[in-house]
Amino acid sequence: MKSVYYCYSFGNNSYGQCGYKKVKHTEGRYNSSDFEAHLLVDLDYEIDHVIALKTQTMIVTKKGSIIKIGKNGKKVFQMGEEKVVSASGGKGHCLFLMLSGNLYGYGSNSFGQLGSFRPQYLPQVGKINTFNQMSLEIIKVVCSRSASFFLCKNGDLYACGSNKYGEIGMRSNSAKQVTPIKVHIKYVRDVFSGPTSNYVIALTVDNKLYIWGDTSNLFFDTRGENFVSYQSFPLLYNFRVSNTIKTIACGKREFNVLFENGKYSNSNGMGNKHTTAVKWISASKNDFFYLLQDNEVQVKMRLKAKLPLVKPMHNIRIVAGHSTFFVYTYNQLSVLAIDLLQLFQKKIMTDCELNGIKCHKALLEIRIGASFDNFPEILKKYSKEETSEFLSWVYSDYTSNFDLVEKIINKLQSSQKININPLSHDLLKLLKSPKTSDFALIVDNVEIPIHRFVLCARSELFHKTFKLHNSKKKVPDFSGKSLESIKILIHYFYTEKLILNEKKFDIIYPELEDAMEYYHINKVSDYSHQLEMERQRIELIKKENGEKIQEKIEKEKILQKPNSKKSRRRNKKKKKKKKRRKKEQRLDLEHGQKN
């Protein structure tokens with residue numbers, strides 16, 4: 001089987017950091033050859049992460065190794081059983097967070113950005129023990145140019161490294177912070193920065209943006225407001241967040257906010273310049289790197305290309321460093337995809353068959369956008385192995401033979417341009433199509449239409465329930481949970497997104513808290529983290545609402561004081577109004593008597 005692990009690179013390659021033969025480069029200028037995408041032909045490993053530093057590139061592979069290319073030659077660091085779940089890099093340092101919770105670092109430590117006093121430079125990927133005694137559960141690491149940030153599961157944010165521009169977010173004249181300290185901001189959902197940025201942006205659970213660091217080069221159009229040169233304390237940024245934020249790409253002088261709907265807005269207030277939806281944005285020193293909906297890549301107006309080996313159904317990641325750019329395929333299956341793939345392999349709750357392989361009709365139709373009647377006729381020309389390869393993509397968004405899958409989809413959709421959406425997008429569409437459901441859950445005398453195969457894949461309890469009631473079309477839910485809780489859980493099973501409402505929160509939250517154990521939800525999922533983020537968001541909303549109510553009560557108390565000027569003025573107005581009304585009534589009465 002041929003390799004499907006493609007990686008393209010372009011940009012400044014003066015130290016060989018793009019992975020091909022070195023090319024002389026003038027600092028601050030691009031050569032014409034810099035925007036020629038090069039395919040790394042000797043790629044015999046699958047990539048998980050790429051961290052592009054100024055003169056080096058770190059490639060994290062699925063085999064458990066970290067490969068360094070660029071300045072000082074190639075090195076391979078074996079990480080054994082450790083799996084990287086989050087990685088980020090600055091100008092000359094990078095951090096790796098492992099599934100086990102361990103933290104590793106590499107490169108420059110001149111400002112304490114690796115969380116320790118020594119050494120000044122770490123030439124090997126080494127373990128960072130700073131957080132071991134702090135009892136903190138880190139879920140994400142982010143690097144700015146010379147500082148590091150650690151996001152914890154409880155919404156706290158820690159920082160260390162350079163504080164020259166106030167990047168650490170503390171009111172201090174110190175130029176650096178060696179040991180990680182807590183940033184004075186609560187309920188952080190996500191944090192963003194970039195390898196050339198000296199500023200940081202935090203997104204809180206209530207969708208508010210806070211910014212601090214070097215904001216002198218950033219331009220804002222919010223009522224003509226300009227930030228001071230260096231903001232050493234998190235400041236609420238008056239940015240209109242109308243949709244769910246997907247990511248924020250931070251360049252040196254500008255940042256782009258990408259929303260879930262594929263549109264984006266930048267710090268200058270400019271909107272989406274692309275006609276097609278944008279899937280991801282990454283930022284270098286002076287450029288923004290866009291991945292469009294059809295896997296076309298664009299670097300501002302310098303490069304716009306559809307890479308020859310990249311197919312629309314590829315899972316693609318893009319990374320921009322100081323002045324280097326990478327496009328690579330990856331096979332990072334979501335928990336949703338893993339659960340569905342296991343269901344397909346075990347042939348559970350199937351209702352149709354293609355070339356002797358049992359599958360699920362509703363999923364096939366929603367993923368391809370074609371009637372099932374067309375499938376047998378087209379797939380009979382393909383072998384059982386080829387059909388299995390195609391179905392693997394249907395259930396997981398991944399295949400090892402993209403050319404084959406593309407041909408089959410083309411024939412089924414019978415259109416010039418194939419339309420492909422992520423698995424979670426199609427399952428949400430399936431959830432909103434009650435006519436395609438094959439079962440109903442009865443909760444509080446209300447029938448909720450569902451698809452048995454989805455709930456079987458996502459919950460062992462539902463699998464046992466449906467197996468026991470296989471001949472029935474509906475069954476009561478015996479969990480004792482409320483209708484609101486069950487609806488939230490079903491939405492999560494289909495989309496991997498947990499969304500709570502502040503109404504009846506005190507009833508819903510305890511019910512959802514024990515749902516992971518009760519329904520045997522996959523422990524690898526981020527269900528508990530999402531639930532914690534939603535709890536913090538709703539608590540913040542309640543707090544703000546409480547403050548508003550208290551403020552209203554205080555105002556009413558002031559107005560009710562008898563000696564208050566406002567109260568006297570208000571009473572005077574009332575008396576005048578009453579007197580005027582009586583006069584009008586008397587005149588109307590006199591006028592009526594005359595007539």
Side-chain angles (χ1 to χ4, degrees), residues 151-157 169-171 182-191 201-212 220-225 227-228 231-245 257 444 481-485 487-488 491 497-514 529-585:
L151 179 60
C152 300
K153 187 177 179 180
N154 63 1
D156 290 340
L157 181 66
M170 62 176 184
R171 291 186 173 124
K182 189 176 177 180
V183 180
H184 295 284
I185 180 172
K186 293 181 178 180
Y187 308 113
V188 179
R189 182 188 290 273
D190 213 340
V191 61
I201 301 174
L203 173 67
T204 56
V205 292
D206 56 344
N207 264 5
K208 289 180 181 177
L209 292 179
Y210 290 82
I211 186 168
W212 64 96
F220 303 92
D221 72 329
T222 52
R223 301 176 185 176
E225 179 183 350
F227 284 134
V228 293
Q231 178 61 39
S232 60
F233 199 77
L235 183 69
L236 179 63
Y237 173 39
N238 188 19
F239 186 90
R240 292 182 67 186
V241 182
S242 55
N243 292 290
T244 307
I245 292 176
V257 181
D444 296 341
K481 300 186 187 300
S482 63
L483 177 63
E484 290 81 5
S485 296
K487 283 183 176 180
I488 290 167
H491 185 273
K497 289 183 180 178
L498 200 62
I499 303 169
L500 274 66
N501 195 311
E502 56 267 26
K503 293 177 182 177
K504 298 185 180 180
F505 174 76
D506 296 333
I507 299 170
I508 293 169
Y509 182 77
E511 293 180 345
L512 295 176
E513 205 172 14
D514 71 341
H529 171 61
Q530 286 194 51
L531 187 61
E532 174 63 17
M533 289 293 100
E534 286 295 283
R535 182 190 67 78
Q536 290 182 19
R537 181 181 67 82
I538 289 169
E539 278 188 2
L540 199 58
I541 290 169
K542 283 185 174 181
K543 186 181 176 183
E544 288 177 351
N545 290 341
E547 288 173 354
K548 286 178 183 177
I549 292 167
Q550 190 61 36
E551 190 179 337
K552 191 177 179 182
I553 292 168
E554 293 296 327
K555 282 182 179 179
E556 286 176 357
K557 283 181 180 178
I558 293 168
L559 289 171
Q560 287 169 4
K561 286 181 180 179
N563 296 326
S564 166
K565 285 184 179 179
K566 286 183 179 179
S567 179
R568 288 199 299 271
R569 199 180 296 120
R570 180 168 55 86
N571 290 333
K572 199 173 180 181
K573 283 182 179 179
K574 279 184 177 180
K575 284 178 182 179
K576 282 184 177 180
K577 195 175 181 181
K578 192 175 181 181
K579 195 175 180 181
R580 191 165 51 249
R581 197 182 299 117
K582 281 184 177 180
K583 188 178 179 181
E584 287 172 356
Q585 286 175 356

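Below, all heavy atoms of this structure are taken into account, side chains as well, without hydrogens, waters or symmetry copies.
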Engineer: So does L498 get a backbone contact from the side chain of Q530, meaning a donor-acceptor N/O pair under 3.5 Å?
Structural biologist: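 Looks like yes, one N/O pair under 3.5 Å.
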Engineer: Please check if the side chain of Q536 supplies one atom and the backbone of V205 the other of a donor-acceptor pair under 3.5 Å.
Structural biologist: no
Engineer: Find out whether L500 and L512 are in side-chain contact, i.e. whether some heavy atom of one side chain is under 4.5 Å from a heavy atom of the other.
Structural biologist: yes
Engineer: Strictly below 4.0 Å, N to O, side chains only: are E532 and R189 in salt-bridge contact?
Structural biologist: no
Engineer: I need the L203 CG to L209 CG distance, nearest 0.5 Å.
Structural biologist: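 If we round to the nearest 0.5 Å, L203:CG and L209:CG are 5.5 Å apart.
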Engineer: Which atom names give the shortest non-hydrogen contact between M533 and K153, and what distance separates them?
Structural biologist: CE-O, 3.3 Å
Engineer: Going by the side-chain hydrogen bond (donor to acceptor under 3.5 Å, both in side chains) test, name the single residue among K543, R537, R535, K542 that passes it with E539.
Structural biologist: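 Among K543, R537, R535, K542, the one that satisfies the side-chain hydrogen bond (donor to acceptor under 3.5 Å, both in side chains) with E539 is R535.
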Engineer: Could you tell me whether K481 and E511 have a side-chain N and a carboxylate O separated by less than 4.0 Å?
Structural biologist: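 Salt bridge: no.
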Engineer: Measuring from atom NZ of K573 to atom NZ of K575, what distance do you get when rounded to the nearest 0.5 angstrom?
Structural biologist: 15.0 Å
Engineer: Taking atom CD of E502 and atom CD1 of I508, what is their separation to the nearest 0.5 Å?
Structural biologist: 10.0 Å
Engineer: Would you say the side chain of L531 lies within less than 4.5 Å of the side chain of Y509, judging by non-hydrogen atoms?
Structural biologist: yes
Engineer: Taking the side chain as every heavy atom from C-beta outward, state whether V257 and I245 have any pair of such atoms under 4.5 Å apart.
Structural biologist: yes
Engineer: Please report the interatomic distance SG(C152) to NZ(K182), rounded to the nearest 0.5 Å.
Structural biologist: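 Here the rounded value is 8.5 Å.
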Engineer: Given the rule in the side-chain contact (heavy atoms from CB on, under 4.5 Å) test, do W212 and V183 qualify, once you have shown the distances and angles that lead to the verdict?
Structural biologist: CA-CA 11 Å; W212 64 96; V183 180; 4.0 Å; yes
Engineer: Should D206 and Y187 count as side-chain neighbours, where that means a heavy-atom distance under 4.5 Å?
Structural biologist: no
Engineer: In the structure I gave you, are the side-chain heavy atoms of T204 and K186 within less than 4.5 Å of one another anywhere?
Structural biologist: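 No; the side chains remain at least 4.5 Å from each other.
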Engineer: Starting from the C-alpha separation in whole Å, work towards a yes-or-no answer on side-chain contact (heavy atoms from CB on, under 4.5 Å) for I185 and D156.
Structural biologist: CA-CA 7 Å; I185 180 172; D156 290 340; over 6 Å; no
Engineer: Measuring only between side-chain heavy atoms, which start at C-beta, is L151 closer than 4.5 Å to V188?
Structural biologist: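 A side-chain contact exists here, since the closest heavy-atom pair is under 4.5 Å.
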Engineer: Pair H491, I499 - check side-chain contact (heavy atoms from CB on, under 4.5 Å), show working.
Structural biologist: CA-CA 8 Å; H491 185 273; I499 303 169; 4.0 Å; yes
